[in-house]
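In what follows, a structure is listed as structure tokens, so that the remarks can point back to it.
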Amino acid sequence: MITTPQTKRPTHREQNRGPNRGRDREQNRGPNRAAAQTARRQLNLATRHQLAASGIPEGTITSRTRPGGPWQRLLPRVYLLQTGPPDHRQRALAAVLYAAEPTTDPLSGDTAVLTGGAALALLGIRDAPHTPADVLIRAPRRLTGTPEVRPLATARWPRTIAVSGVPSTRPVRAAADFAARAEDPDRIRSTLAHVVQAGWCHPQDLHAELRAARLLTRPAVRAAASELVVGVRSIAEALARDTLTATDLPTPLWNARLYAPDGTFLASPDAYWPDEGVALEIDSAEYHYTRDAWHATLHRRLRLESHGILVISATPSMIRDTPAEVVQALRTLLTLTRTRPTPPTAQARGHVQLALRFEISAPVAGRKDSSKNDEDTSS
């Protein structure tokens, strides 16, 4: 019996195998690979324009950003390509992506840059607000803001830096832009002091930026700038300065660096009276939670006293709630030390008190007066 061999029908997998199968698969992977490269350099973020330029269809973008999908819409036309919640860095960069011109590289800082409280928060400035994120854009361009993003048009484009992958203004400009929109005088005072205390800018540079932005006409900003120039570095020190200014006590040096005769650094007390050898230390409980921190404070005080300096310690709440007691204690020590036979051996350096000029510089020819435009603090 002769049998005819049966022809085997190809399986579904074998049907899909063909000479062009690998090429088709590679073409499908192309858009995903391009989008992944964009996400890697932008903290897992991408704009709709970038995704479309990578070959991702509009329908795919819409479907992937639906509830339960693998992507999230953080802002109009800005997407987070992950399922987990965004962190502060991603929210800050999302604000820059939203404000940047679509056809430019948003990481270049040429058309949008983070500033104000959000930029200071990335630097670790305490109490600086993350939102709303202030983003500078070039004037005369205008952009609609959102609850999370506040676009600010400026004709005086700043020098930019990258902070944790986010295009940002330098700290001195960010501090000035924050002060321009903050309303609480204590918040302005505290934030500007933290920026200087952390070493992000010099008090004179900050004063120059505030003057360029024409912000010294505001009493709260002018007072904060004055305190920083004379050496005050915290809100507690500013409160102490207000308290001492209202008395007839001699004017102290603020944050003077004290050295032993052999050049060894001793300490930098909050306030120091060099002629009398009296120091005021404002010790906040916030910095003394650990035994090591408290031990360091006591050791610093011991170094000062070993060189003939008498130290008065007070907390910010004491200066705020019982200022008369602090003033009386200082008055007593300042009086007693005038007749002591052995003067202190410590020497104060780097304590020159800089005068603060309050005049407003004349507008530069061709420069737009930003005081007439609430949207631009320094144009």
Side-chain angles (χ1 to χ4, degrees), residues 99 109-121 123 125 127-129 132-143 145 149-161 167-197 200-233 235 238 241 353-379:
D110 290 336
T111 61
V113 62
L114 193 71
T115 190
L120 297 178
L123 295 173
I125 299 301
D127 298 332
D134 290 334
V135 181
L136 295 180
I137 59 176
R138 292 184 182 272
R141 181 170 172 248
R142 290 293 183 265
L143 182 67
V149 184
R150 190 161 49 183
L152 309 172
T154 180
R156 190 169 66 96
W157 197 251
R159 293 172 55 188
T160 62
I161 59 176
S168 305
T169 61
R170 294 186 304 156
V172 64
R173 176 64 179 270
D177 288 339
F178 167 80
R181 284 158 184 84
E183 299 180 356
D184 184 5
D186 289 339
R187 189 77 173 273
I188 295 174
R189 205 179 202 183
S190 176
T191 302
L192 296 186
H194 287 156
V195 173
V196 173
Q197 186 180 44
W200 289 113
C201 67
H202 190 275
Q204 285 290 351
D205 293 334
L206 179 57
H207 168 253
E209 187 68 36
L210 294 171
R211 183 170 57 182
R214 296 172 175 84
L215 293 173
L216 294 180
T217 55
R218 294 180 54 187
V221 177
R222 183 169 63 248
S226 174
E227 293 165 352
L228 292 172
V229 168
V230 299
V232 173
R233 296 293 181 268
I235 191 68
R241 181 172 181 263
Q353 301 301 300
L354 304 175
L356 179 63
R357 298 175 298 176
F358 294 119
E359 71 272 10
I360 306 302
S361 58
V364 179
R367 177 180 293 175
K368 183 179 178 181
D369 187 355
S370 61
S371 62
K372 299 179 182 179
N373 185 0
D374 292 337
E375 296 185 16
D376 184 6
T377 65
S378 54
S379 58

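What you are looking at is a predicted structure, and each value in this text was computed from that prediction instead of being measured. Nothing fancy with the numbering, it's 1 onward along the sequence.
Asp186 contributes atom CG, which lies 9.5 Å from atom CD1 of Ile188 (distance to the nearest 0.5 angstrom). Atom CD1 of Ile161 is separated from atom CG of Leu123 by 6.0 Å, given to the nearest 0.5 angstrom. Remark: Arg189 CZ to Glu227 CD distance equals 4.0 Å, nearest 0.5 Å. Summarising the geometry, atom CG belonging to Leu120 is positioned 11.5 Å from atom CG belonging to Asp127; distances are rounded to the nearest 0.5 Å. Between Asp110 atom CG and Ile137 atom CD1 the span is 14.5 Å, to the nearest 0.5 Å.
Closest heavy-atom contact between Ala176 and Leu215: O-CD1, 3.4 Å. Closest approach of Val229 and Gln204 over heavy atoms only: CG1-NE2, 3.9 Å. Smallest separation of non-hydrogen atoms from Ala133 and Leu114: CB-CD1, 4.0 Å. Of all heavy-atom pairs between Leu228 and Ala193, the closest is CD2-CA, 3.7 Å. When all heavy atoms are compared, the tightest approach of Gly116 to Asp177 is N-CB, 4.0 Å. Counting all heavy atoms, side chain and backbone alike, Leu206 lies closest to Val172 at CA-CG2, 3.6 Å.
Taking the side-chain contact (heavy atoms from CB on, under 4.5 Å) definition, one finds that Pro158 meets it with Val113, Leu136, Thr169, Arg173, sequence neighbours left out.
The backbone N or O of Arg187 sits less than 3.5 Å from a side-chain atom of Thr191, completing a donor-acceptor pair. Counting only distance, with no hydrogens or angles, the side chain of Arg218 and the backbone of Ala179 share a donor-acceptor pair below 3.5 Å. Panel note: side chain Arg222, backbone Leu216; a donor-acceptor pair is recorded below 3.5 Å.
For the pair Ile125 and Phe178, the minimum side-chain heavy-atom distance is 4.5 Å or more. Considering only heavy atoms from C-beta on, Arg181 stays 4.5 Å or farther from Pro132 through its side chain. Side-chain contact between Pro167 and Thr160 is absent, with no heavy-atom pair separated by less than 4.5 Å.
We find that Arg156 and Glu209 are joined by a salt bridge, their nearest charged nitrogen and carboxylate oxygen being less than 4.0 Å apart.
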